[in-house]
There are 2 protein chains.
Amino acid sequence: MRMLIGVTERGLRERKKADTRAALADATLRLAVDRGWAHVTVEAIATAADVSYRTFFNHFSSKEEALLLPGGADQPRLSARLRAQPAETGVLDAVRTAVREDLAALEADADGLRDRMTVIIGNPSLLPRLVEIGAADDREIAVAIAERTGQDLEADLYPGLLSAVLSAAVRVSLWRWHVQDGATPLTTLVDEALDAVAAGLPAPTTR
Amino acid sequence: MRMLIGVTERGLRERKKADTRAALADATLRLAVDRGWAHVTVEAIATAADVSYRTFFNHFSSKEEALLLPGGADQPRLSARLRAQPAETGVLDAVRTAVREDLAALEADADGLRDRMTVIIGNPSLLPRLVEIGAADDREIAVAIAERTGQDLEADLYPGLLSAVLSAAVRVSLWRWHVQDGATPLTTLVDEALDAVAAGLPAPTTR
DNA sequence: TGCAAACTTGCACACTGTGCAGCCAATGCG
DNA sequence: CGCATTGGCTGCACAGTGTGCAAGTTTGCA
């Protein structure tokens, strides 16, 4: 009998599963960069990861999920980070902190993020799902905001609107980060976006 | 020889094509409401519209498009309305007017919109594409905004951010319109959303 | 050691979406 | 009117996604 090494260490079975999932996600990204998204088949991904076609779908519910949520559908999402903020913090500060944490985590694997963004931007069909790469689960975020402001998700405008605008800010920041080739940190970009929103999006003054 | 009756009257061929497309879009919506989106096959839609399976894809590039863009992919979009605003109008006013026009046009067919919204909201996979029903073509809108402010789409934050926030406002308005069962006009709802954004999304004061 | 739970695999199947070739009706023109 | 052209309609074959099911196989645990 031995002590657990780390929190993620929960037996051989769990480790193997995580390895397989990582291998599939890696293969997905690598093949997409090499061949282009449209020319990557699940068959090819599975072969590259040394598992069967059928096993791919034991880990991801679709090809897109393997690209957008490499950690699996149950990886911690933005809504979780938002809920983790101290209750006495104001909504806007809580939201800003949560999204900064999230994007900082994303940027830790800058190479992977760059590749993912290249694939997504090169494929219009993936664009609407761009936000999800930022682990943004819109509906849950709205719920978390409603909890924090003590409002009703259905009756009140604010929770839904703030969560949607937040998604917009994340999407735009990821986009800019990519076109700038990562020159500015994601956290800085999203701060700029949130500042502009907080200022009410005034029309830019012509220089 | 006779005069053209209306602008949309351009010969029997064109009319037939429009009829077929309308029949397909109608069948799509009706079947989706009756059976649920997942249980509607293109086969069934084509049969209901009295055309072959293959013909469906001559009008729509996917099943989703038939639901979201019943007028076809080349119907006038929000970006077109935005460009149609007088050049001397400020961006924010131009955007607001354009989106109000667009949503007013949508609400003209309130029954159809209600049904469409019911189907979309009942199917998570369609949710990210909710905006498109508002004919919002994100990228083109950003370009139009950049033209109006004389900015650069890649270098400047503003055009991309405003267009993304606009999409957010449309999405939220459609959502609220639906949960309220159409009690408040869409134009009013989107005005509220845009007002809140213009005010910088201040945290609601606890009553 | 042996059972149960969980992961893997193969197979069959329904369905989407595309390329291609032939067909037929609308159109335009002399 | 007659005829060539255009463009939508159709059937067919095919690649690919995603799912249900029923095995097999490995791990966890008593």
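Sequence lines set the chain letters: A, B, ... in the order given, protein chains first and strands last, and positions in each chain run from 1.
- The backbone N or O of Thr28(B) sits nowhere less than 3.5 Å from a side-chain atom of Lys63(B) that would complete a donor-acceptor pair.
- Separating the CZ atom of Phe57(B) from the P atom of dG11(D) is a distance of 15 Å, rounded to the nearest angstrom.
- Atom CZ of Phe56(B) is separated from atom P of dG19(C) by 16 Å (rounded to the nearest Å).
- Summarising the geometry, the separation between CG on Asn58(B) and P on dG17(C) is reported as 14 Å, rounded to the nearest angstrom.
- Counting to the nearest Å, the P atom of dG16(D) and the CD atom of Glu64(A) are 17 Å from each other.
- Between Arg54(A) atom CZ and dA22(D) atom C1' there is a gap of 12 Å when expressed in whole angstrom units.
- Under 4.0 angstrom from either OP1 or OP2 of dG17(C) there lies no side-chain N or O belonging to Ser61(B).
- Atom pair Arg21(B):CZ and dG7(D):P shows a separation of 16 Å (rounding to whole Å applied).
- At a cut-off of 3.5 angstrom, the base of dG17(C) holds at least one donor-acceptor pair with the side chain of Tyr53(B).
- Phosphate contact (OP1/OP2 of dC7(C), side-chain N/O of His59(A), threshold under 4.0 Å): absent.
- At least one side-chain heavy atom of Val143(A) sits less than 4.5 Å from a side-chain heavy atom of Arg83(A).
- Distances shown here put a side-chain N or O of Ser52(B) below 4.0 Å from the OP1 or OP2 atom of dT10(D).
- Following rounding to the nearest Å, Lys17(B) (NZ) and dT6(D) (C1') show an atom-to-atom distance of 12 Å.
- Remark: Ser61(B) engages Glu65(B) in a side-chain contact (heavy atoms from CB on, under 4.5 Å) (not counting sequence neighbours).
- Within the 4.0 Å cut-off from OP1 or OP2 of dG16(D), not a single side-chain nitrogen or oxygen of Thr41(A) is found.
- Asp137(B) places no side-chain N or O within donor-acceptor distance of the main-chain N or O of Glu140(B), the cut-off being under 3.5 Å.
- Remark: the backbone N or O of Leu82(A) is paired with a side-chain donor or acceptor of Arg148(A) at under 3.5 angstrom.
- A sub-4.0 Å separation between OP1 or OP2 of dT27(D) and a side-chain N or O of Lys16(A) is present.
- Under the 3.5 Å distance criterion, the side-chain polar atoms of Gln85(B) are matched with a main-chain donor or acceptor of Arg81(B).
- Put simply, the side chain of Tyr158(A) gets close to the backbone of Leu201(B): a donor and an acceptor are under 3.5 Å apart.
- For Val51(A) and Glu43(B), each mapped to the nucleotide of DNA chain C holding its nearest heavy atom, the one lying further toward the 5' end belongs to Val51(A).
- Of the candidate nucleotides dT17(D), dG17(C), dT9(C), dT17(D) has the atom lying nearest to any side-chain atom of Lys63(A).
- The separation between Asp19(B) atom CG and dC9(D) atom C1' is 15 Å, rounded to whole Å.
- Side-chain N/O atoms of Ser62(B) include none lying less than 4.0 angstrom from OP1 or OP2 on dT16(C).
- Taking five base pairs at each end of the helix from dT1(C)-dA30(D) to dG30(C)-dC1(D), the local helix axes there meet at an angle of 20°, rounded to 10°.
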